[in-house]
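To start, the structure under review is shown below, and the notes come after it.
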Amino acid sequence: MEKDNSNSNCGLQFLLDVLANDDPNWLSTNEFDDLLANLQALEALIWATSKRPVLWKWVIIASHTALQSLAVCKLTRTDGFGAKRHDIEKEIGAYYAAGKNTLNDYEEFESLASRQEMANFPTLMRRLGYDVPKPADASQERDSTNLALYLLHDFRTTYSHYPPIQLTLDASQVCAIVRISVDVLNSELNRGDWKRQPLITLDEVTPLLDSIKRRFEDFDKI
């Protein structure tokens with residue numbers, strides 16, 4: 001019995017050592033780190049498209065992922081909910097509406113909290129207040145921001161699940177969509193209406209957003 005306990009303690013100590021290890025060979029990240037990393041990638045990739053236009057693919061993916069990361073960061077509350085799939089959010093809403101709490105109903109809460117499926121991009125954007133159209137309504141959409149977010153998601157889906165076809169896009173349209181996406185990022189980050197204490201500051205993201213803006217200004221001069 002003592003031997004079993006010893007083995008368990010060794011395993012626990014190994015995990016504790018890993019978590020405390022600053023070795024660069026280990027990757028430790030969270031949703032806020034991911035947001036910052038996506039902004040850094042977006043800034044670098046926009047510059048790279050001037051050398052290789054085919055890299056617009058990765059600008060679209062980086063823009064989409066940055067917005068999705070931002071939505072998860074902004075919508076998630078201190079209880080861990082807010083950005084999850086609709087059915088999970090509906091269940092936690094019913095849990096609170098029934099007067100339940102983690103003190104008396106912890107097992108039910110823990111069961112819901114263990115479900116980590118996040119809402120998809122259009123749903124997350126709608127929760128932030130953008131009326132992203134459904135595919136059947138996209139051709140009738142007149143709001144440029146809502147349409148850009150729809151097209152960003154559509155292009156990203158095509159690029160991520162690439163069909164065996166020749167894909168031809170209008171570079172100016174792609175650039176316009178990304179610029180609007182960056183405007184949304186800038187607006188949402190400066191709004192600051194987080195549902196919990198953010199692990200990122202404007203001092204970290206503002207220089208990146210300013211640099212991205214300058215990249216676009218350089219495009220206008222070409």
Side-chain angles (χ1 to χ4, degrees), residues 27-77 82-83 118-132 141 143-157 159-160 169-222:
L27 170 65
S28 177
T29 187
N30 57 45
E31 65 272 33
F32 291 96
D33 290 337
D34 186 60
L35 171 57
L36 188 60
N38 282 311
L39 290 173
Q40 291 168 332
L42 180 58
E43 193 267 345
L45 285 164
I46 289 174
W47 173 83
T49 59
S50 64
K51 309 298 180 183
R52 289 278 291 162
V54 73
L55 292 175
W56 275 109
K57 165 184 177 174
W58 297 104
V59 173
I60 288 172
I61 291 174
S63 301
H64 185 281
T65 310
L67 278 169
Q68 189 153 330
S69 296
L70 174 66
V72 170
C73 288
K74 288 196 69 176
L75 292 167
T76 301
R77 306 186 300 266
M118 296 293 108
N120 62 23
F121 179 86
T123 300
L124 290 171
M125 292 300 103
R126 291 179 192 123
R127 289 180 189 171
L128 285 179
Y130 301 92
D131 192 15
V132 179
E141 182 60 56
D143 183 272
S144 60
T145 298
N146 292 333
L147 182 58
L149 292 173
Y150 168 82
L151 291 172
L152 180 72
H153 182 61
D154 185 58
F155 289 169
R156 174 263 179 190
T157 300
Y159 271 139
S160 296
L169 299 174
D170 182 341
S172 63
Q173 181 189 31
V174 174
C175 185
I177 289 168
V178 174
R179 291 182 84 153
I180 290 174
S181 301
V182 172
D183 287 342
V184 172
L185 281 163
N186 186 61
S187 175
E188 290 297 327
L189 284 164
N190 280 282
R191 189 169 291 150
D193 51 345
W194 307 89
K195 303 298 183 184
R196 55 181 166 152
Q197 183 66 34
L199 300 178
I200 196 170
T201 67
L202 283 176
D203 288 341
E204 293 175 280
V205 298
T206 298
L208 285 169
L209 293 169
D210 288 344
S211 181
I212 291 170
K213 182 180 178 181
R214 287 194 297 272
R215 301 286 191 210
F216 281 122
E217 289 172 350
D218 290 340
F219 277 119
D220 294 337
K221 297 173 184 176
I222 297 177

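What's counted below: heavy atoms across the whole structure, side chains too, no hydrogens, waters or symmetry copies.
- With sequence neighbours excluded, the residues forming a side chain to side chain contact (heavy atoms under 4.5 Å, CB included) with T206 are L202, D210, listed by chain and number.
- Formation of a donor-acceptor pair under 3.5 Å by the S160 side chain with backbone atoms of T157 is not found in this model.
- Summarising the geometry of A71 relative to L124, their closest heavy-atom pair is CB-CB, 3.8 Å, with the distance given to 0.1 Å.
- For T76, the side chain to side chain contact (heavy atoms under 4.5 Å, CB included) criterion is met by V72, A83, R196, not counting sequence neighbours.
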Inset, instruction - With side-chain contact (heavy atoms from CB on, under 4.5 Å) as the test, would you mind laying out the steps for V205 and L185 before giving the verdict? - result: CA-CA 10 Å; V205 298; L185 281 163; over 6 Å; no
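- With hydrogens and angles disregarded, a donor-acceptor distance shorter than 3.5 Å links the side chain of S181 to the backbone of I177.
- K195 and L75 make their closest contact through CG-O, 3.5 Å (heavy atoms, listed as atom of the first residue, atom of the second, distance).
- Rounding to the nearest 0.5 Å gives a distance of 11.5 Å between OG1 of T145 and CG of D131.
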Please report, to 0.1 Å, the donor-acceptor pairs under 3.5 Å made by any side chain of residues 34-41, with sequence neighbours excluded.
{"unit_1": "D34", "atom_1": "OD2", "unit_2": "N38", "atom_2": "ND2", "d": "3.2"}
{"unit_1": "D34", "atom_1": "OD2", "unit_2": "S69", "atom_2": "OG", "d": "2.5"}
{"unit_1": "N38", "atom_1": "ND2", "unit_2": "D34", "atom_2": "O", "d": "2.9"}
{"unit_1": "N38", "atom_1": "ND2", "unit_2": "S69", "atom_2": "OG", "d": "3.2"}

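- With sequence neighbours left out, the side chain to side chain contact (heavy atoms under 4.5 Å, CB included) criterion links K74 to L70, L128, E188, R191, D193, W194.
- Partners of N186 under the side-chain hydrogen bond (donor to acceptor under 3.5 Å, both in side chains) rule, at least two apart in sequence or in another chain, are N190.
- Here SG of C73 is found 9.0 Å from CG of L189. Values are rounded to the nearest 0.5 Å.
- Residues I212 and F216 meet the side-chain proximity criterion, which asks for heavy atoms closer than 4.5 Å.
- We find the NZ-CD1 distance between K213 and I46 to be 13.5 Å, quoted to the nearest 0.5 Å.
- Every residue two or more places apart in sequence or in another chain was checked for a salt bridge (Lys or Arg N to Asp or Glu O under 4.0 Å) with D203, and none qualifies.
- With sequence neighbours excluded, no residue forms a side-chain hydrogen bond (donor to acceptor under 3.5 Å, both in side chains) with R126.
- A donor-acceptor contact under 3.5 angstrom links the side chains of N120 and T123, judged on distance only.
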What donor-acceptor contacts under 3.5 angstrom involve side-chain atoms of residues 51-65, with partners at least two apart or in another chain?
{"unit_1": "S63", "atom_1": "OG", "unit_2": "V59", "atom_2": "O", "d": "2.8"}
{"unit_1": "H64", "atom_1": "NE2", "unit_2": "H153", "atom_2": "ND1", "d": "2.9"}
{"unit_1": "T65", "atom_1": "OG1", "unit_2": "I61", "atom_2": "O", "d": "2.7"}

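- With contacts defined as side-chain heavy-atom distances shorter than 4.5 Å, the pair L149/F121 qualifies.
- Legend: residues meeting side chain to side chain contact (heavy atoms under 4.5 Å, CB included) with A44, ordered by chain and number and at least two apart, are absent.
- What you find for Q197 and F32 is that their closest heavy atoms are O-CZ, 4.5 Å.
- Every residue two or more places apart in sequence or in another chain that forms a side-chain hydrogen bond (donor to acceptor under 3.5 Å, both in side chains) with S172 is listed here: D170.
- Using a 4.5 Å cut-off on side-chain heavy atoms (C-beta onward), D143 and Y130 make no contact.
- By the side-chain hydrogen bond (donor to acceptor under 3.5 Å, both in side chains) test, S211 pairs with E43, sequence neighbours left out.
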